[in-house]
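Worksheet for the structure shown next.
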Amino acid sequence: MDFAKIIANWYRANKRDLPWRETKDPYLIWLSEIILQQTRVEQGLPYYYRFAERFPTVADLADADEDQVMKLWQGLGYYSRARNMHATAKTVYQQRGRAFPSSYSELIRLKGIGEYTASAISSFAANEARAVVDGNVYRLLSRYSGAGIPIDTTAGKKYFSALAADLLDKDDPGVHNQAVMEFGARQCRPARPFCSACPLASGCAALKEGKVGLLPVKSKRPRTRERYFNYLMIRDKGQIWLNKRGSGDIWQSLYDFPLVETPAPVDEAGLFQLEDFRKILKDREYLVISVSQTLKHVLSHQVIHARFWELELKGYLKPESKYITVEEKEMEAYAFPKLITNYLENNL
DNA sequence: AAGTCGGGGTT
DNA sequence: AACCCAGACTT
C-alpha cells in the first residue's frame, strides 16, 4: 500500500471534527487558514467561531473598521495577519463582490496568502491539485524520507515541496492535504511520536535509521533582545491617554499607553528626568498613584521588561496629537497587546 | 538569505 | 529554557 492510501485510511479513522472542514465556502476556509498560521488548532478555534459569526461574508469583513477587526483578533498574536486579512477582504469585495476566489493563481496574489495558504484554500474549496507543506508536513516528510536537509532554507523548501507534490493524491487533493497535516500533527507529532503504532512504520526511513528524534532539521534561530518599557498610565479626570502603535515595531495597529523605552531598567528618579518622559508630561504637575513591579513578557524575538506608572494629572494638559484620550470605561473597545491586558486584569 | 512578527502549549 | 505551532512579509 502506498503513502497516500495509508494516510487516507488513517485519516478516516482519526480525523477531528473541525468547523472549517464542513464548508466549501472559500471565504470561511480562508478565514480559518489565516487564523491558523503559526497557531495551534485549539488556540485558533475560538477565534474562528468569533470571526465567522461576526463577519459571515467577505462583505461584512470589508465593511468593518480596523479597530473592530483588531479587537476581535486581540490576544492571538502576529497582528499583521489581521491587518492583511482586512486589506484582502476590501480588495476582494471591491473587485469581485461576494465571490471569494478559490483558484491558486488568484489567491497567491492576495495579501497574507503565501504558497501554503493558497494551496490549502484552492485544494479544500476547489479540489485543485496543490500539495500543502506546513510545519506538520515538513516534519512528516523529513522523517518518512529520512532527509536531513534543513526545512527553513530555500533548498529545503524546494526539496520538500517537490516531495509533497509527488506524494499528493491527485484524485482527492483536498482530503489528502487535510490528512497529511492531521497525521503530522497527531501521529507524527514533534515529541514522542507514535512510531510503534504507525501505519507508515515499515516505509519510514527515520525509524529504520533510528533518527526520528533528530528530524526535521532546522537552522538556528537568532537570539532575542531585551527591552525595557515604562508605560505611563496618565489619567485626567476619568480620561486616560492611549497610543496607537505604528509601523516598524511590534504590535502595529494595537493600542498601548504613552511609552518611555530605556536601554536598561530605571527607577522613579531616573525616569522622571528623562527627556522622553518630560516631553510627554511637559511642565504639568502630576501625582504618582502607583508603580508596578517589573512584568516580563516573552515574544519570539524579544523579551520585554515592563513597568506601569500610574499618574494623575493636576489640571488639564492637552496631549501631543499622537495620543488620544478616552473615558476609562471605553477602553474595552480598543485592542491591546497581551502584556497590557495582563496588567489591567490584575490591577484594576 | 536572514530578520521580524505573538502568544501559548509541551518537554 | 528550548522548541513548536495549518507562515508571510520585509530588507
Side-chain angles (χ1 to χ4, degrees), chain A residues 15-16 18-21 29-48 70 73-85 87-88 107-121 123-124 130-140 142 150-158 161 164 174 176-186 188-193 213-225 227 245 247-254 296-304 335-342:
Chain A
K15 69 174 288 208
R16 288 170 288 185
L18 298 172
W20 47 84
R21 287 179 174 162
I29 293 170
W30 166 71
L31 219 50
S32 75
E33 290 302 334
I34 302 302
I35 288 169
L36 291 172
Q37 286 169 3
Q38 290 294 289
T39 303
R40 291 169 196 278
V41 167
E42 308 82 69
Q43 189 187 359
L45 204 44
Y47 286 84
Y48 173 79
M70 300 313 292
W73 197 275
Q74 172 178 291
L76 193 58
Y78 281 170
Y79 297 93
S80 65
R81 292 182 291 170
R83 295 192 308 271
N84 287 335
M85 183 176 79
T88 285
L107 290 162
I108 195 67
R109 287 195 291 246
L110 297 169
K111 272 188 187 172
I113 297 183
E115 280 182 42
Y116 162 77
T117 303
S119 299
I121 300 171
S123 68
F124 300 157
R130 302 274 182 175
V132 294
V133 189
D134 72 338
N136 298 308
V137 177
Y138 276 118
R139 182 173 53 255
L140 169 61
S142 174
I151 62 175
D152 54 352
T153 60
T154 304
K157 285 175 190 144
K158 206 171 150 187
S161 298
H176 172 91
N177 279 338
Q178 293 279 2
V180 289
M181 289 194 285
E182 185 96 331
F183 191 96
R186 303 178 66 201
C188 197
R189 64 188 186 181
R192 298 181 299 113
L214 303 175
L215 297 175
V217 174
K218 250 185 192 175
S219 34
K220 253 204 146 8
R221 54 170 205 175
R223 242 190 83 262
T224 57
R225 67 174 165 134
R227 300 177 72 178
R245 296 186 60 86
S247 58
D249 203 348
I250 54 174
W251 301 329
Q252 185 184 341
S253 301
L254 273 64
K296 183 175 165 181
H297 188 75
V298 179
L299 305 178
S300 9
H301 295 83
Q302 307 182 15
V303 179
I304 295 171
F336 296 98
K338 196 68 182 166
L339 169 61
I340 303 281
T341 57
N342 283 347

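In what follows, every chain begins at residue 1, and chains take the letters A, B, ... in the order their sequences are listed.
For A:Q38, a side-chain nitrogen or oxygen approaches OP1 or OP2 of C:dG7 to under 4.0 Å. Phosphate proximity of B:dG6 to A:H297: absent, as no side-chain N or O sits under 4.0 Å from OP1 or OP2. For B:dG8, one of the phosphate oxygens OP1 or OP2 lies less than 4.0 angstrom from a side-chain nitrogen or oxygen of A:K338. Between A:Q302 and the phosphate of B:dC5, there is a side-chain N or O to OP1/OP2 separation shorter than 4.0 Å. Side-chain nitrogen and oxygen atoms of A:R40 include none within less than 4.0 Å of the OP1 or OP2 phosphate oxygen of C:dA6.
Of the C1' atoms belonging to C:dC4 and B:dC5, the separation is 16 Å, rounded to the nearest Å. When the C1' atom is compared between B:dG6 and C:dC5, the two are found 12 Å apart, to the nearest whole Å. Look at the P atom in both C:dA6 and B:dT11: the space between them is 14 Å, to the nearest Å.
Using a 4.0 Å heavy-atom cutoff across all strands shown, A:I304 reaches no nucleic acid atom at all. If you check every strand for non-hydrogen atoms under 4.0 Å, A:I35 touches nothing. Among the heavy atoms of the strands, none lies under 4.0 Å from A:W73. A:Q252 comes within 4.0 angstrom of no nucleic acid atom, judged by non-hydrogen atoms across all strands. Across all strands, A:G44 comes closer than 4.0 Å to no nucleic acid atom at all (heavy-atom distances). Among the heavy atoms of the strands lying under 4.0 Å from A:R21 is at least one base atom, whether or not backbone atoms are also near. A:A120 comes within contact range of no nucleotide atom at all, as no heavy-atom separation falls under 4.0 Å.
In this structure, A:E182 pairs ionically with A:R16, as a charged nitrogen and a carboxylate oxygen lie closer than 4.0 Å.
Between A:S219 and A:L339, the residue anchored closer to the 5' end of DNA chain B is A:S219, taking for each the nucleotide with the nearest heavy atom. Residues A:E33 and A:K111 each lie close to DNA chain C; by heavy-atom proximity, the contact nearer the 5' end of the strand is made by A:E33. With the nearest nucleotide of DNA chain B identified for both A:T153 and A:S80, A:T153 has the one nearer the 5' end.
Side chains of A:R83 and A:Q252: a donor-acceptor N/O pair is present below 3.5 angstrom, by distance only. The closest side-chain donor-acceptor pair between A:Y116 and A:E33 falls under 3.5 angstrom.
Taking atom NE2 of A:H301 as the reference point, atom P of C:dC9 lies 17 Å away to the nearest angstrom.
When each of B:dT11, B:dG6, B:dA1 is scored by its nearest atom to the side-chain atoms of A:A191, the top-ranked nucleotide is B:dT11.
Residue A:T117 places no side-chain atom within donor-acceptor reach of the base of C:dG7, judged by atom type and a 3.5 Å distance cut-off alone. Counting distance only, with no hydrogens placed and no angle test, the side-chain atoms of A:E42 and the base atoms of B:dG9 include no donor-acceptor pair under 3.5 Å.
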